[in-house]
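To find a chain, count down the sequence lines: A is the first, B the second, and so on, and within it residues start at 1.
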Amino acid sequence: MWRSLGPLNLPQWEQEVLARWRAEKTFQRSLAQRKGGPTFVFYEGPPSANGKPGIHHVFARTLKDLVCRYQTMRGAYVLRRAGWDTHGLPVELAVEKELGLTKADIGTRIAIADYNRACKEAVMRYKAAWDELTERMGYWVALDDPYITFDAQYIESVWWLLKKFYEKGLLYKDYTIQPYSPAAGTALSQHELNLPGAYRPVKDPSITVQFADIQEQGLYYLAWTTTPWTLPSNAALAVGENFVYVEVETFQPYTRTPIRVVLAEAALPRYFTPEGASLPLSPEEVDLRTGRLPYRIRRRFSGKELIGRRYEPLFRYVEPEGEAWRILPGDFVSLEEGTGIVHIAPTFGADDLRVARKHGIPPIALRDAQGHLLPLVDKEGRFVPEVTDFAGRYVKNYKDDPDYKPVDEDIAQHLRQRGLLFRKETYEHNYPHCWRTDKPILYYPVEAWFIRVSALREKLVALNKTIQWFPPSIGEGRFGNWIANAEDWNLSRTRFWGIPLPIWRTRDGRYERCIGSFAELHAAVEEARQAGLMTTNPLDAPDFDPHRPYVDEIILKAPDGSPMYREPEVIDVWFDSGAMPYAQWHYPFENEALFQSQFPADFIAEGVDQTRGWFYTLHVIAAALFDSVAYKRVLVNGLVLDKEGNKMSKRLGNVVDPFALMEQYGADATRWYLVSNAPPWENVRFDEKRLAEKVRSFFGTLHNTYEFFALYAGIDGYEIQPLPPIQQLSMTDRWLLSEVEKLTEKVTEAYEGYFPTEAARLIEDFVIEKLSNWYVRLNRRRFWKGEKDSDKWAAFTVLRYALVRVAQLMAPIAPFYAEVLWENLKEKGSVHESDFPAADSALRDPALEEAMDKTRRLASLLHSLRKQSGIRVRQPLPQALVPASYKSWLEPLAPLLLSEVNLKQLTYIDDHSEAVTYEIRPNYKTLGPRLGAHIQALAAYLRSLSQEALLRVIQQGTLVWEGETLSLAQGDLEVRARALPGWLHASEGGLTVALDTRLSPELEHEGWARELIHLLQNARKNAGLAVTDRIHLALHLPEPYQSALKAFSPLIAQETLAETLTWLETPPPLEPISFLDTLPLYIDISRAYEHA
RNA sequence: GGGCCUGUAGCUCAGUUGGUUAGAGCGCGACACUGAUAAUGUCGAGGUCCGUGGUUCGACUCCACGCAGGCCCA
């Protein structure tokens, strides 16, 4: 029996499908079945379960899922292991907030062990919600045995990787610039700077100082700074390579000495008033009070010219360990403020350090006995003794000293006396403050561990070229540019909940050891025990936890017998996830073969925000240690925005709850909407109304089509049979099959090209336009007609064939409804276990596809003409007229056209008859390149020709134009039959048709019969009869209608399933209904009970 | 400030290697059809293809410079 499922109810059916998948372990079966097939490797980017999943997760996961499902159907073995990202700052911050702690409290007010335990619990808080989402949305991924980044085995693999970096000399210790609070004596995180109120307006002295060129006497570079205290640490100057600079002849504003200064042209008005240019170039003109300076521009030149020049430092307290005091290009140099020349102090600015490193500029700093960097300002915020002029002075008032004298002022004064101060002002700007001490922060060098990514750039770029990016622009642009200029990766974090750095060092830094496995650490601890440094070996415990604080308690023995302590940092959590190809299998300690078969990935998919996150760390680790890509293809998805295009946020209250959505519309509807709406890499504007519309238009139509099939197949007891030979099928059947195969071909192409949006749109178009609106509409009669002949059986077979195919093609995107269809069309097993269908080219008939397309357009034109004529479609019309050239393709389909628009015949009009007029235009595509500018003249000439002349051109294929014979190849001219004068006609897109609306009495009577049948069908329905019920009919109509209609009795009886039809001489005692809008029609209808 | 993406009807989106009348769906208005009926068809209104300049016989399409929005990074 073919089952009617009732009105579309995706949420309910999805629950039923889920129950079936659970009970039958369909996912596991679909995997097991493909074991031994080609391997398609997919990596699941591990989410963090410390927050609730949102709609954007549904988007990303739909893309992952559909590719994996597609590949599985293609016969590939697609292992899909879930994972959890568990470490990192967001977790720590959440826990700090909950427990009311600050970073400084950890290890003091709360033990690290307790703190980390709290983090471990917090990070899996929403695991249940995530698991529920995964299942509910139909994301097939193995949840029962996920990899978890805090597992000891996972960490051991990460240690192994880190040791590989270490051994290759790619892991090293250096320093980085971080926000630091001298008053609190602690580094601050970026997050702490983002706390409300951290940025406050402050007034700082802003000074412009002169750096003297080392060669040219009297030539100075003007640089501007709001932190004069960093000037003793100046190591370089930076300019914009493409900015325009000028050399200006003027005077030192305080000493009136003639000097030449260099600054950006754009900065000129900030330092010189226009009148200065016309003042005599004389020291007397220098106005000390207003700062007015006479000047002359001597030269204009590009910033490039400045690069490499050397200058005298303002202060020389310390000798640099290399070539400092040069001019460099800096991409951060701005013309908005200052002089366009930026003072660089690598020890006190992140940009400064970056550009200095890039160009090999040493920091201006001291070293302690162990070689550690000592900046010229100490950790209390005081100048070190070596800065003799300002030794011991606090650079800001950290101690709330009422007598504090700003050192910045003294530095300015000092420079002024030396004739090196060009301008001093006060500058009000926002500056970050320590939220605990309310004191301004310092950007200060902090020691850190780095991965030397800069040494890998070429390899990263070369390998990236082998990765297929969807879309390619991200791989070339955003990602490609990033890795081509990659800076070293600051790996260490002075935090607690993370994978500890497995590096031990002696206090003096002379000895250092990187540990690559638990076994190695165990052995090292044993050595330490023998040396009396350790009493027990924590690695003897079966449940050794490699997190802090336990690893911190391990002390190792250096070759000289001295103790080595662990470097206190944990690593950047991005390394955790980038390590997942190896660590998920505990490679290399286990699963060698499994790892080999699952590396690299064929496919990953994540949001565009992962470009410098997971995409990057996967790539760096694989390239550095395995000379390989980590993934061969990557599908990037955009953001999910609200329908206004705003980012979803709790603050705006526009967050969409995926569970509510799936509850109301269904997971399939949500998935389909997200995939079909826009290409994955575009941002999706999420609009619930459109989702609802998608349910109605696509799923509703598809389901209606299934219900239509099930209804009649059920009534007739249709049994599945193979497709009959194509020659035995009707034109519409052949056409539909051809379209099915075309669809299969194009959908396959779209999936193969990682463009599921196109696949979804193709399927939608097929289902709505081809299958439902055309095939089913044209063939309805075949399904409900009485005889169960081969034609009827063929219709069932073809329709079912198409529906089964649709189920398979849509299965990756809408796995639930595809399953419902599959099951109810009585296919075996699960659609997800079936083989993705290969297009059968033998069933293709492109000519028929095109002919049908044109026929549809003709039908549309004729409908339009009927509309103009005001004659209802039920009234048959005698004929339509079309050009004879249509005959070849239209004739086989003519019956369809005639019945669709209720015509008696199609008449082909000779192309050369006077009933047709033509319009000829040049084919711009072929003639354009040949004729160039003349083509417009040709077009005008063709427009001017008479119909006779046009006909000659068409027949002869040559054209005499401007005295020359222009020989025309096939297709050089576009000929259009324009109109059929004298008839009601229409043209569109190269098709033209006319309608004959003259009615004969016979046609009119037939129209009445149709009208009557229509009314009787309505009456049947109003009487509550089933479509299969047989009836007895008695009718009465005024003359002459009744007599005329008697001739149509057999037709009427057949169409309305009337066993008896009686024409009454007098009206029965019933309410009449109106016939043809004005006449009374009496209908006596009763059900005919079957005789048992 | 840099990199990348996007800009086409009220809304969501198509638009082939440049080819002369820029399309679809939704929404809106009107009419029709109806044995899939909470379906369907036809007609209508609705466009400076973000702007400016350039290349070209011809530009929504290619180039340059802008503008607006988004993301990532400074």
**OP:** Write down the distance between CZ (Arg354(A)) and P (G2(B)), rounded to a whole number of angstrom.
**Re:** 14 Å
**OP:** For G23(B) versus A68(B), give the span between their P atoms, rounded off to a whole number of Å.
**Re:** 32 Å
**OP:** Just grab all the salt bridge (Lys or Arg N to Asp or Glu O under 4.0 Å) pairs involving residues 673-682 of chain A, residues at least two apart or on different chains.
**Re:** none
**OP:** Between U56(B) and G19(B), how far apart are the C1' atoms? Round to whole Å, please.
**Re:** 12 Å
**OP:** Give Ile768(A) one of three labels, base, sugar-phosphate or nothing, depending on what nucleic acid heavy atoms sit under 4.0 Å from its own.
**Re:** nothing
Subject >> Interatomic distance at C1', C57(B) relative to G27(B), whole Å >> reply: 41 Å
Subject >> Contacts of type side chain to side chain donor-acceptor pair (under 3.5 Å), residue Arg1020(A), not counting sequence neighbours >> reply: none
Subject >> Between G3(B) (P) and Ile483(A) (CD1): distance, integer Å >> reply: 17 Å
Subject >> Check: Gln875(A) main-chain N/O paired with Arg1010(A) side-chain donor or acceptor under 3.5 Å >> reply: no
Original post:
Which word best sums up how the rings of Phe470(A) and Tyr754(A) line up, parallel for under 30°, tilted for 30 to 60°, or perpendicular for over 60°?
Top reply: parallel
**OP:** For nucleotides A36(B) and C31(B), find the distance between their C1' atoms and express it as a whole number of Å.
**Re:** 22 Å
Please write out each protein N/O paired with an N/O of nucleotides 23-26 of chain B under 3.5 Å, distance rounded to 0.1 Å.
from: G25(B); atom 1: N2; to: Arg690(A); atom 2: NH1; distance (Å): 3.3

List every contact pair, protein side and nucleotides 4-7 of chain B side both N or O, where the distance is under 3.5 Å.
from: C4(B); atom 1: O2; to: Arg478(A); atom 2: NH2; distance (Å): 3.4

Original post:
Has the side chain of Thr701(A) got a donor or acceptor atom sitting under 3.5 Å from an opposite partner on the base of A36(B)?
Top reply: no
**OP:** For U12(B) and C4(B), measure between their P atoms and round to the nearest Å.
**Re:** 26 Å
Subject >> Pairing residues for Arg696(A) by the salt bridge (charged side-chain N to carboxylate O under 4.0 Å, His left out) criterion, not counting sequence neighbours >> reply: Glu693(A)
**OP:** Using the P atoms only, state how far U48(B) lies from C11(B), rounded to an integer number of Å.
**Re:** 11 Å
**OP:** Not counting sequence neighbours, which residues clear ring pair (Phe, Tyr, Trp, His ring centres under 6.0 Å) with His863(A)? List them please.
**Re:** none
Original post:
side chain to side chain contact (heavy atoms under 4.5 Å, CB included) with Asp351(A): which residues, sequence neighbours excluded?
Top reply: Phe332(A), Arg354(A)
Original post:
Hey, is the side chain of Asn677(A) poking within less than 4.0 Å of OP1 or OP2 on C13(B), counting only N and O atoms?
Top reply: yes
**OP:** Just jot down the side chain to side chain donor-acceptor pair (under 3.5 Å) partners of Glu707(A), sequence neighbours excluded, or say none.
**Re:** Ser4(A), His703(A)
Subject >> Non-neighbouring partners of Trp614(A) that pass ring pair (Phe, Tyr, Trp, His ring centres under 6.0 Å), sequence neighbours left out >> reply: none
